[in-house]
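Here is the structure we will look at, set down as structure tokens.
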There are 2 protein chains.
Amino acid sequence: MYERKIPEDLECGINISMKVLSGKWKPCIIDGINKGIRRPSELHAAIDVAAPRVINMQLRELEAYGLICKKIYPGLPLRVEYYLTELGESTLPIIQALDQWGNENREHVRKIVLQLQE
Amino acid sequence: MYERKIPEDLECGINISMKVLSGKWKPCIIDGINKGIRRPSELHAAIDVAAPRVINMQLRELEAYGLICKKIYPGLPLRVEYYLTELGESTLPIIQALDQWGNENREHVRKIVLQLQE
DNA sequence: TTTAGCAGGGAATAATTATTCCCCCACTGA
DNA sequence: TCAGTGGGGGAATAATTATTCCCTGCTAAA
């Protein structure tokens, strides 16, 4: 396993949450699964700006942290679905707060991003 | 200004919020300022696991996004204080949700982090 | 006149994360 | 037999972020 060079601070609650949720697409994935987008190929299609590989990696991480669980249906064609665990569901207030704030401040943030990049 | 190579997705509310709040110490800084830790040197002392330079950079970003404002008091000794703007205050529900989830799940997350690193 | 406290930034480098490219397996239908 | 679908991973590389090192300027106190 990869070993971090810089020790992490898991004292502060905020950092613990950020550790689990940070990752470019993790909150989106949780949101998607919560909305019923459960199959990998559906998630890839829904978050099409992200490379499929990245989504797979983040799914594995979310599974490792126990926020989602993976159900493999026997038989063919292959069918895999991800579900939120109870722990995963307990992050929904965070995800919803992020979503709401972002939607309310979309234009403001966009303006500043453009300014900073010009 | 630095120009990103990979365009960002500012469609989704979640990503907009993450854009503004992601940064290893940004949520901690907002939390700290909210708790009354307003001066740079105090923030450095309070978040002593972070290099002061990083905190300064993140303060500048938070200021650029309009989440905090900087008050420079005239006269000497030098005295600078940061305050949350209204917009900054509007992120507090997110910060509080992060803090709460992290505190409730500290041991669980710690266990898994250790497992992954062994 | 040196030292310390306070606020801060430039440049280089290290560390971490995301992305791309190309591969695997099993099956179905043409 | 070939192409396509569904699920997935290894390795290398690019991109982004954090960190370190060292510097500036000011004043007050020793």
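Order of the sequence lines fixes the chain letters, A, B, ..., with proteins taken first and strands second; residue numbering starts at 1 for each chain.
- Contacts of A:E104 classified as salt bridge (charged side-chain N to carboxylate O under 4.0 Å, His left out), with partners at least two apart in sequence or in another chain: none.
- In terms of phosphate contacts, B:Q58 brings no side-chain nitrogen or oxygen within less than 4.0 Å of OP1 or OP2 of D:dT17.
- Proximity of a side-chain donor or acceptor of B:N34 to a complementary backbone N or O of B:I30 within less than 3.5 Å is not detected.
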Which is it for A:E107 and A:R110 under the salt bridge (Lys or Arg N to Asp or Glu O under 4.0 Å) test, yes or no, and what are the steps along the way?
-> CA-CA 5 Å; A:E107 288 316 316; A:R110 207 173 258 164; 3.2 Å; yes

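- Across the protein-nucleic acid pair, A:L59 atom CG and D:dG9 atom C1' stand 14 Å apart, rounded to whole Å.
- The phosphate of D:dG7 has neither OP1 nor OP2 within less than 4.0 Å of any side-chain N or O from A:K70.
- Taking hydrophobic clusters as Ile, Leu, Val, Met, Phe, Trp and Tyr residues chained together by side-chain heavy-atom distances below 4.5 Å, B:W25 does not share a cluster with B:Y83.
- Atom pair B:R60:CZ and D:dA18:P shows a separation of 13 Å (rounding to whole Å applied).
- In this structure, the helix from C:dT1-D:dA30 to C:dA30-D:dT1 shows an angle of 20° between the axis at its start and the axis at its end, each fitted on 5 base pairs and rounded to 10°.
- The stretch residues 25-49 of chain B touches DNA chain C through B:R39, B:P40, B:S41, each having a heavy atom within less than 4.0 Å of the strand.
- Note: the hydrophobic cluster containing A:I6 does not contain A:I14 (ILVMFWY, side chain heavy atoms under 4.5 Å, direct or indirect links).
- Listed by chain and number, the residues in a side chain to side chain contact (heavy atoms under 4.5 Å, CB included) with B:K111 amount to none (sequence neighbours excluded).
- With hydrogens and angles ignored, the 3.5 Å screen pairs no side-chain donor or acceptor of B:Q100 with any backbone N or O of B:A97.
- Set against C:dG8, D:dG9, C:dA18, the side chain of B:N56 has C:dG8 as its closest nucleotide.
- Here CG of B:L92 is found 6.5 Å from CD of B:E89. Values are rounded to the nearest 0.5 Å.
- When atom types are taken as modelled, the side chain of B:N105 and the backbone of B:W101 share a donor-acceptor pair closer than 3.5 angstrom.
- A donor-acceptor pair is defined here as one N or O able to donate and one able to accept, closer than 3.5 Å; no such pair exists between the side chain of A:H44 and the backbone of A:A50.
- Under the 4.5 Å side-chain heavy-atom criterion for ILVMFWY residues, no single connected hydrophobic cluster contains both A:Y73 and A:I68.
- Proximity of residues 61-68 of chain B to DNA chain D (heavy atom under 4.0 angstrom from any strand atom) is not detected for any residue.
- When the P atom of C:dT17 is taken as reference, atom NZ of A:K24 falls 13 Å away, rounded to whole Å.
- Regarding B:K19, its NZ atom lies at a distance of 12 Å from the C1' atom of D:dT17, rounded to whole Å.
- One finds no side-chain N or O of A:R4 lying less than 4.0 angstrom from the OP1 or OP2 phosphate oxygen of C:dA15.
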So which protein nitrogen or oxygen atoms get under 3.5 Å of nucleotides 21-28 of chain D's nitrogens or oxygens?
none

Please report the C-alpha distance between B:E8 and A:K24 in whole Å, then the side-chain angles of each, then the deciding distance to 0.1 Å, and finally whether the salt bridge (Lys or Arg N to Asp or Glu O under 4.0 Å) criterion is met.
-> CA-CA 10 Å; B:E8 352 198 26; A:K24 205 162 169 181; over 6 Å; no

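- Distance alone, capped at 3.5 Å, places no donor-acceptor pair between the B:T85 side chain and the B:C69 backbone.
- The interatomic distance linking B:I55 (CD1) with C:dG9 (P) rounds to 14 Å, in whole Å.
- Side-chain proximity of A:M57 to D:dG7, C:dT19, C:dT16: nearest is C:dT19.
- B:L84 is not listed as a side-chain neighbour of B:L67, based on a closest heavy-atom distance of 4.5 Å or more.
- If you check every strand for non-hydrogen atoms under 4.0 Å, A:V54 touches a base.
- You'll find that the side chain of A:I6 is closest to C:dT16, out of D:dG9, C:dT16, C:dT19.
- Protein atom CZ of A:R79 is 17 Å distant from nucleotide atom C1' of D:dG8, rounded to whole Å.
- To the nearest angstrom, C1' of C:dA7 lies 15 Å from OH of B:Y73.
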